[in-house]
Amino acid sequence: MLKSKLAVAVVAALAFGCASTYAGNVQAGDSTNVAQDAPSTSQSASGTSSDDTSKKVRKLETVSVTGSLIPQTQVETSKPIITITAKQLKDRGFTSVADALQAGTFATGSVVGPNYSGGFTQSAKTLSFFGLDPSYTKYLIDGLPMGDFPALYNGSEAFNNLASIPLEMIDHIDILPGGQSSIYGSDAIAGVVNIVLKKTLDAPVVDVRFGWHTGGGGADRRVYAADGFTWGKLNVVAGIQYESIEPIWNFDRSLTRQYFTQGTSPATASRDYLVLSETKLANAYYSPNDLNPGVGCSAVTGQFGGTEQLHNRRGRGEYCGSLYSPGYATQANKQNTVNFYTHATYDLNSNVQFYETLLYTYDQQKYSPGANFLFWNSPIFYDPKLDDYVLAQHAFSPEEAGGFQHIMNNNVENSVYLSLGAKGNFGESNWGYDVTFNHSEDHLQARGFQRWTTAINNYFGKILGPNQGLDPYGGGFPTYEPDYKAFFTPISRSDFRSFTGFTEAYSKTWDNMLRTQVTNASLFSLPGGDAGIAAVIEGGNQGWNYSPDDRTLSGETYQVTDVAGAGHRSRYAGTVEFNAPLFKMLTADVSGRYDGYNVAGGSIGHATYNIGLEFRPFGDLLLLRGSYGTAFKAPTLPDEFQGPSGYYNSVTDYYNCAKLGYTVGNIANCPGQLSSEQFFGQQSGNAKLQPIVAKTFSLGFVLSPFEGFSLKSDYYHYNIRNEVQVQSFDFLAQTEANCRLGVFDATSPSCQEAMAKVIRSGTALGPGLLPPITQILTPKVNVAREYLNALLTEVDYVHDIGAYGSISMKTSWSDILTHRQQLLPGDPFINLLRSPYYSTEFKSRVDGSIGWLSPTQAWGVTVYGIRDGASPNYLATIANNYTTPGTGTLPPWIRYNITASYSPIKNLAITFEIDNVFNKMPPLDRSYPGTEGAPFNSLNYDVNGREFLIEATYKFSNNK
């Protein structure tokens with residue numbers, strides 16, 4: 001009997017890639033399901049006593065799981081885990097780690113990505129657990145923390161980048177929803193994602209993949225090669241992956257190549273050559289035919305691919321513009337990535353194993369935010385010929401720039417993850433140890449295309465002509481007589497180059513940690529089995545430095561500024577976990593941790609705990625589980641050290657628009673500068689920020705009535721306090737308007753804050769109107785609270801159909817039951833599921849796959865589908881309700897992938913896949929106005945469309 005169990009254990013170890021035989025050889029959080037062998041002894045199997053045999057069998061059945069430090073006898077514990085295997089990544093048609101995680105039913109929140117033009121981190125990808133803040137998720141590589149991305153999400157938050165993690169080097173990914181700070185420390189509020197890299201290879205492998213999109217753009221080429229080597233006690237696995245992806249431009253897709261033609265207003269061309277009256281509310285545009293008699297727009301009709309022409313915007317007047325200028329922004333980045341990976345072990349003796357893991361990534365991404373971010377505006381000036389105060393505007397065309405593909409922003413990231421350690425057992429005891437030094441660093445060079453303030457103003461100053469003094473009406477504005485013929489003339493490439501160029505920003509993060517863990521999975525016996533204990537002590541330091549080009553802070557870049565800041569801190573933590581099988585049916589797991597940070601001459605600390613229970617009334621048939629605990633997120637280094645940093649943007653003047661009769665239904669028609677007031681925003685870090693704290697619990701069950709089938713369902717509750725809030729400038733402007741209009745109580749805390757942070761200056765814009773918005777302040781403070789309840793259900797079924805092979809089915813479903821947030825103390829709680837201005841998250845998501853594998857495993861087919869639930873339409877996000885006429889929800893978005901594989905010979909596998917088989921675009925949202933060039937919510941949807949991929953994998957015969 002013992003020999004058969006040993007054989008089963010060995011087979012299991014090989015199947016799951018076990019690299020060695022020590023009870024302590026799986027790092028904390030590495031959920032590879034490996035069989036754990038006992039420490040080596042001088043006794044043979046046949047000479048082992050019955051008590052020793054029982055003891056060894058128990059150890060052989062233990063596995064390590066994400067979320068626990070102690071090897072256990074059950075894979076399903078009190079903490080629900082979602083696992084995505086390497087096979088599932090390929091079978092479901094995922095082309096990257098980011099795609100796989102963002103498609104998870106737990107990732108229902110809206111996030112900024114590469115298709116969000118003008119965003120702070122267009123070269124990065126992240127996700128949101130159940131609509132919670134992306135920074136509330138802890139990311140691990142082999143159970144140890146992943147380094148932060150150097151640039152800041154939304155210009156203010158530290159986060160992790162998933163865009164360049166090598167797909168072929170992944171063994172599996174574990175996702176653990178719920179607060180997990182008692183094991184993993186800061187950031188593990190929403191959940192934990194543990195990316196487990198490959199540790200063994202059964203043969204050298206070469207993999208080649210090529211993909212293309214039916215709509216054009218996005219061609220994907222990838223090559224991967226890996227091998228494993230053994231020299232005596234040394235085992236090494238090494239792999240390298242190269243991937244090149246071409247950009248997708250908006251002009252590659254019908255929905256984004258021009259201004260929206262099916263919206264609430266006619267398609268409205270971009271205002272590329274515009275002279276705007278600052279006094280007229282109607283017919284405010286001066287016609288090019290009047291300003292440039294006999295020529296008008298005819299001199300510029302070759303711009304934007306020959307689409308530039310005279311346009312008339314109803315109620316505003318005539319100007320030169322193009323319906324197709326939105327097409328010159330990228331929807332998906334151009335990307336070149338190289339990954340290099342090694343994992344090595346050296347067995348010094350029967351009780352000591354040294355190990356190493358290295359992952360290096362080079363990632364270059366290029367993108368274009370488009371013509372909307374490449375323009376010149378004159379100051380408001382008095383034109384004596386027009387006897388009016390006017391503003392002139394020119395948006396630059398691809399022809400003037402020499403092609404937007406030549407002026408793309410270019411981000412280059414170099415990241416290193418290194419782990420060095422030793423693990424084993426203390427002599428013949430049950431105590432194991434693991435000592436690890438972990439180092440990560442990430443360097444980012446961001447090369448941004450800029451307009452130089454002095455040079456561009458000097459160039460257009462020649463067109464404006466000499467300043468003739470202040471206006472005659474006492475407004476304090478300069479007087480110019482522009483050369484409108486020159487204004488309505490394309491700029492030569494040499495002139496364009498004279499006032500444009502590139503800036504270089506450098507940023508980096510680094511993290512060092514020394515970690516010591518001791519574990520005993522058989523501390524003493526209880527009625528239900530052996531009690532286990534683990535203890536961890538760790539300490540280290542981390543740093544962040546963002547050094548922008550000095551010109552972006554001194555005003556030398558035209559209407560562009562940047563973030564700046566730097567800081568470092570030391571940290572330490574201690575963790576204890578105790579697992580107790582109290583009875584055969586009942587197991588308890590208790591963990592506690594204390595984290596401390598020393599920063600800027602001060603210190604902060606926080607303690608967390610977790611209690612989990614597993615109840616198995618019918619053995620493996622049914623598991624009832626639950627856990628309750630606390631979690632926290634320490635202020636990040638950018639939270640503390642981000643210097644006062646400004647930004648330029650435009651915002652709708654909701655108050656003045658409302659006074660003129662333009663509200664939710666027709667806000668797009670608000671005239672003149674009121675619809676797009678230029679302002680200067682400023683935000684900064686706060687060294688006095690306190691940790692964000694949370695209480696979380698989960699309740700659920702696992703039902704396994706027969707072999708190959710399991711049903712899992714878990715309920716999650718989050719109660720988060722002390723959140724750091726950086727309010728949206730648009731939200732502040734809208735709140736300020738509602739407070740002044742009497743919609744909100746002007747004496748409330750939110751109103752008082754909004755009216756203090758939205759700064760107006762200058763002269764009133766008209767009778768009964770206020771001066772324009774010129775500045776908005778958005779510092780960080782600990783003020784917000786958040787509650788969330790979610791349900792996550794998963795069904796797995798595998799069935800052998802004999803001579804016809806086997807089928808496998810897997811589906812999961814999530815539903816956000818409640819999501820409420822209080823932005824400031826004293827404010828009412830916002831129902832985020834019914835307040836679309838504040839949140840556009842999906843309430844529900846369903847995905848599933850069905851696969852067939854032939855008896856010989858030579859053939860296989862998998863169909864995967866994902867359904868994103870309803871989301872608010874554009875007007876609903878403006879009105880913040882679903883009752884105003886025109887507001888509503890969009891229908892679910894459903895996509896399918898299909899993957900087919902065939903092995904013509906033993907060592908070769910050919911895979912063909914189609915992603916988004918039916919080329920489903922985002923749900924059509926007719927509530928967008930015709931002034932919108934990308935009429936879909938880019939935080940939820942993309943227009944990448946159908947992609948074909950063909951892949952060949954060859955494994956060489958292994959004679960070693």
Side-chain angles (χ1 to χ4, degrees), residues 133 135-136 138 145-160 181-182 184-189 437-444 505-516 536-548 550 553 562-575 592-608 630-646 682-694 720-726 777-784 825:
D133 193 288
S135 67
Y136 289 0
K138 186 81 170 185
M146 180 178 170
D148 288 336
F149 189 63
L152 304 182
Y153 186 80
N154 276 336
S156 63
E157 290 186 273
F159 77 113
N160 296 103
S181 289
S182 65
Y184 298 112
S186 178
D187 305 340
I189 291 180
F437 171 74
N438 188 59
H439 171 76
S440 65
E441 60 181 272
D442 199 334
H443 297 253
L444 180 67
Y506 298 90
S507 56
K508 62 180 179 179
T509 60
W510 68 93
D511 196 313
N512 298 300
M513 183 177 70
L514 181 62
R515 182 179 185 277
T516 300
V536 173
I537 296 176
E538 61 187 42
N541 57 52
Q542 56 188 169
W544 168 74
N545 186 306
Y546 192 98
S547 300
D550 290 340
L553 301 181
D562 207 344
V563 175
H568 61 87
R569 65 188 179 191
S570 61
R571 58 190 178 91
Y572 58 91
T575 309
R593 179 179 171 113
Y594 182 83
D595 287 84
Y597 296 83
N598 297 320
V599 56
S603 63
I604 59 172
H606 196 76
T608 52
T630 58
F632 85 107
K633 181 181 187 299
T636 64
L637 289 169
D639 285 339
E640 296 170 320
F641 292 107
Q642 182 178 339
S645 56
Q682 191 173 58
Q683 61 186 23
S684 60
N686 183 351
K688 296 182 180 180
L689 289 173
Q690 295 299 306
I692 300 169
V693 297
I720 308 171
R721 297 172 179 264
N722 226 28
E723 289 186 307
V724 175
Q725 183 69 24
V726 179
L777 307 177
T778 55
K780 300 179 181 181
V781 288
N782 288 106
V783 289

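Of the candidates Asp148, Leu152, Asp442, Trp544 forms a side-chain contact (heavy atoms from CB on, under 4.5 Å) with just one, namely Leu152. Tested against Lys633 for a side-chain contact (heavy atoms from CB on, under 4.5 Å), the candidates Val693, Asp187, Asn722 yield a single pass: Asp187.
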Ser156/Asn154 under side-chain hydrogen bond (donor to acceptor under 3.5 Å, both in side chains): CA gap, chis, key distance, verdict: CA-CA 5 Å; Ser156 63; Asn154 276 336; 5.9 Å; no

Trace of the side-chain contact (heavy atoms from CB on, under 4.5 Å) decision for Asp133 with Glu157: CA-CA 10 Å; Asp133 193 288; Glu157 290 186 273; 2.8 Å; yes

Verdict with reasoning, Arg571 to Asp595, per side-chain contact (heavy atoms from CB on, under 4.5 Å): CA-CA 7 Å; Arg571 58 190 178 91; Asp595 287 84; 5.8 Å; no

Trace of the side-chain hydrogen bond (donor to acceptor under 3.5 Å, both in side chains) decision for Asp511 with Thr509: CA-CA 7 Å; Asp511 196 313; Thr509 60; over 6 Å; no

From CA spacing to verdict: side-chain hydrogen bond (donor to acceptor under 3.5 Å, both in side chains), Tyr597, Gln542: CA-CA 10 Å; Tyr597 296 83; Gln542 56 188 169; 5.3 Å; no

side-chain contact (heavy atoms from CB on, under 4.5 Å) assessment of Arg515 paired with Asn438: CA-CA 8 Å; Arg515 182 179 185 277; Asn438 188 59; over 6 Å; no

Audit row: Trp510, Asn541, side-chain contact (heavy atoms from CB on, under 4.5 Å) steps and yes/no: CA-CA 8 Å; Trp510 68 93; Asn541 57 52; 4.1 Å; yes

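Interatomic distance, OG of Ser507 versus CG of Asp562, reported as 9.0 Å (0.5 Å rounding).
With sequence neighbours excluded, the residues forming a ring-ring contact (aromatic ring centres under 6.0 Å, His included) with Phe632 are His606, listed by chain and number. Remark: Glu640 engages Arg569 in a side-chain hydrogen bond (donor to acceptor under 3.5 Å, both in side chains) (not counting sequence neighbours).
Shown here for Ala566 and Phe641, the closest heavy-atom pair between the two residues is O-CB, 3.3 Å. Of all non-hydrogen atoms in Ala607 and Thr630, the two that sit nearest each other are O-OG1, 4.2 Å. The heavy-atom pair separating Pro150 from Leu444 by the smallest distance is CG-CB, 3.8 Å. The two residues Thr575 and Ser182 come nearest to each other via the heavy atoms CG2-O, 3.2 Å. Heavy atoms only, all atoms of each residue included: Ala564 and Leu553 are closest at CB-CD1, 4.0 Å. Taking every heavy atom of both residues into account, Asn160 and Gly147 meet most closely at ND2-O, 2.8 Å.
Checking side-chain atoms of Lys138 against main-chain N and O of Ser186 turns up a donor-acceptor pair under 3.5 Å.
Counting heavy-atom neighbours within 6.0 Å of Asn598 CG, excluding the residue itself, gives a total above 12.
Asn512 is listed as a side-chain neighbour of Phe437, based on a closest heavy-atom distance under 4.5 Å.
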